[in-house]
Amino acid sequence: MTTARTIRSVRAFTVRGGGADYHDQRDDHWIDDHIATPMSKYPEYRQSRQSFGINVLGTLVVEVEADDGTTGFAVTTAGEPGAYIVERHLARFVEGAPVTAIERIWDQLYSASLFYGRKGLVLNVISAIDLALWDLLGKLRREPVYALIGGAVRDEQVFYATGSRPDLARKMGFIGGKMPVRHGPAEGAEGLAATVERFAAMREEVGPDFWLMADCWMSLDLDYATRLGLGLREHGLRWIEEALPPDDYWGYAELRKRLPPDVLVTTGEHEATRWGFRLLLEMGCCDLIQPDVNWCGGLTELLKISALADSRGVLVVPHGSSVYSYHFAITRHNSPFSEFLMMHPQASEVVPMFSPLLLDEPVPVNGRLRVPDTPGFGVRLNPECALARPYEH
Ligand SMILES: C[C@H](O)[C@H](O)CC(=O)C(=O)O
Ligand SMILES: [Mg+2]
């Protein structure tokens with residue numbers, strides 16, 4: 001009986017180069033080529049996000065082992081600081097607990113770290129522990145995680161693609177393409193015009209019906225976001241994403257009021273917990289929410305966030321997070337499509353999102369994916385990726 005099993009140990013490893021810290025790429029990658037950020041006001045940090053440290057953390061791998069030797073694991077963006085938090089603080093709430101005590105463990109992880117956590121790195125760590133526990137439970141019960149949380153509501157998931165080439169994404173069968181905005185307010189009217197021109201040219205390439213979105217990665221201000229949203233609307237903008245810093249709930253609510261209803265305002269990938277998303281929903285900040293299951297608190301928390309959104313008729317379109325969100329989205333009526341982040345340097349091929357870290361990581365084919373029935377999340381760690389364990393306890 002699974003309920004008799006307990007957790008013998010939890011271990012925290014770090015690894016560099018892609019994986020969950022998907023911004024940790026080579027320097028010829030589209031994802032680090034002059035993309036607007038909150039640091040773009042400083043010219044020395046404008047060309048490369050790695051120059052200000054977007055990839056400073058690296059990947060955290062959390063492994064949980066049951067008393068029968070079965071192991072589950074999950075990954076997130078947290079690196080060595082995350083490993084420290086697992087091994088020196090949060091391990092005590094996991095080791096010795098029943099493998100089924102996922103809710104109680106989550107509450108202890110969150111409550112015990114409230115004095116220094118609440119969002120960001122600590123919630124990334126809690127997310128990885130939570131996802132590792134779900135992976136372990138699935139392996140012990142020999143069920144895919146999606147079957148543990150209510151089962152699939154559709155046969156397959158459809159995807160839009162994020163990257164520099166929506167024109168190629170359309171040919172690969174994706175339902176839409178999301179492009180990074182490359183110029184922020186510091187680059188003035190010229191930068192805004194360049195974004196509109198690039199979007200207009202892409203619209204010509206993809207035709208009138210293919211979804212085109214703009215990802216602003218927290219880089220704009222309310223006035224600029226309003227002008228950009230109106231400018232891109234002329235070329236069929238479907239949504240403007242993360243236009244403002246995540247704490248500016250008031251700015252998002254105002255942006256939502258200023259833009260016409262056919263331009264969706266979206267955000268959420270850097271938000272965490274049911275309370276953070278409740279604020280976004282109750283303040284009317286956005287039309288759909290985009291939590292990242294590796295950052296928002298894990299699957300246990302995302303199920304709560306999703307129910308909140310569903311009660312208000314709001315879609316939940318998880319930020320790209322590979323198998324960890326596929327098993328969630330396929331079970332939710334209000335998650336009818338998902339994001340796939342194009343991790344090929346030129347966005348010209350479909351490669352696994354957390355490559356090279358995971359083996360058996362599924363990818364969309366012709367823009368759609370059937371979630372495999374393999375137990376847990378159905379992936380294995382690539383033994384060729386050298387893991388370090390900096391804070392063994
Ligand atoms: C493309 C964006 O700048 C970022 O790298 C990824 C992201 O925000 C998303 O996939 O959404
Ligand atoms: Mg985004």
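One-based numbering, in listed order, for ligands and for the atoms of each.
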**Request:** Enumerate the atoms of ligand 1 whose separation from the nearest heavy atom of K178 is less than 4.0 angstrom.
**Result:** 9 (C), 10 (O), 11 (O)

**Message:** Quick check: H23 and ligand 1, any N/O pair under 3.5 Å apart?
**Reply:** yes

**Message:** Residue-level breakdown please: for Q290 versus ligand 1, do any non-hydrogen atoms fall below 4.0 Å on the side chain, on the backbone, on both, or on neither?
**Reply:** neither

**Whether R46 side chain and S40 backbone form a donor-acceptor pair below 3.5 Å** = yes

**Message:** Under a 4.0 Å threshold between the charged nitrogen and the carboxylate oxygen, would E65 count as salt-bridged to R11?
**Reply:** yes

**Message:** Between D215 (side chain only) and T162 (backbone N and O only), is there a donor and an acceptor less than 3.5 Å apart?
**Reply:** no

**Message:** At under 4.0 Å between heavy atoms, is it the side chain or the backbone of M342 that contacts ligand 1, or both, or neither?
**Reply:** neither

**Fill in**
Among non-hydrogen protein atoms, atom 10 (O) of ligand 1 lies closest to E339 OE2, 2.5 Å

**Complete:** Contact region, E242 to ligand 1, non-hydrogen atoms below 4.0 Å, reads neither

**Lys/Arg-Asp/Glu bridge criterion (N-O < 4.0 Å) met for R8, D68** = no

**Request:** For the residue pair H89 and F93, categorise the inter-ring angle as parallel (less than 30°), tilted (30 to 60°) or perpendicular (more than 60°).
**Result:** perpendicular

**Message:** Would R118 pass as a cation-pi partner of W275, given that its NZ or CZ must be under 6.0 Å from the six-membered ring centre and within 45 degrees of the axis?
**Reply:** no

**Y22, portion touching ligand 1 at heavy-atom distance under 4.0 Å** = side chain

**Prompt:** What atoms of ligand 1 come within less than 4.0 Å of a heavy atom belonging to L341?
**Reply:** 10 (O)

**Message:** Check this for me: does any side-chain nitrogen of one of K304 and E103 sit under 4.0 Å from a carboxylate oxygen of the other?
**Reply:** yes

**Message:** Are L308 and L281 packed together at the side-chain level, in the sense that at least one heavy-atom pair is separated by less than 4.5 angstrom?
**Reply:** yes

**Request:** Around atom 3 (O) of ligand 1, find the nearest protein heavy atom and jot down its residue, atom name and distance.
**Result:** R49 NH1, 2.9 Å

**Prompt:** Of the choices H319, M179, R182, which has the non-hydrogen atom that lies closest to atom 9 (C) of ligand 1?
**Reply:** H319

**Request:** Please could you name the atoms of ligand 1 that D215 approaches to less than 4.0 Å, counting only its heavy atoms?
**Result:** 2 (C), 7 (C), 8 (O), 9 (C), 11 (O)

**Asked** Excluding waters, which protein N, O or S atoms are within less than 2.8 Å of the Mg ion (ligand 2)?
**Response** D215 OD2, E241 OE2, E269 OE1

**Asked** If you measure from the Lys or Arg side-chain nitrogens to the Asp or Glu carboxylate oxygens, is any gap between D167 and K171 under 4.0 Å?
**Response** no

**Prompt:** What atoms of ligand 1 come within less than 4.0 Å of a heavy atom belonging to I31?
**Reply:** 5 (O)

**Side-chain ion pair, E205 and R170, N-O less than 4.0 Å** = no

**Request:** Tell me whether L303 is reachable from I129 by hopping between hydrophobic residues (I, L, V, M, F, W, Y) whose side-chain heavy atoms are closer than 4.5 Å.
**Result:** yes

**Pair E271 + K119: basic N to acidic O under 4.0 Å** = yes

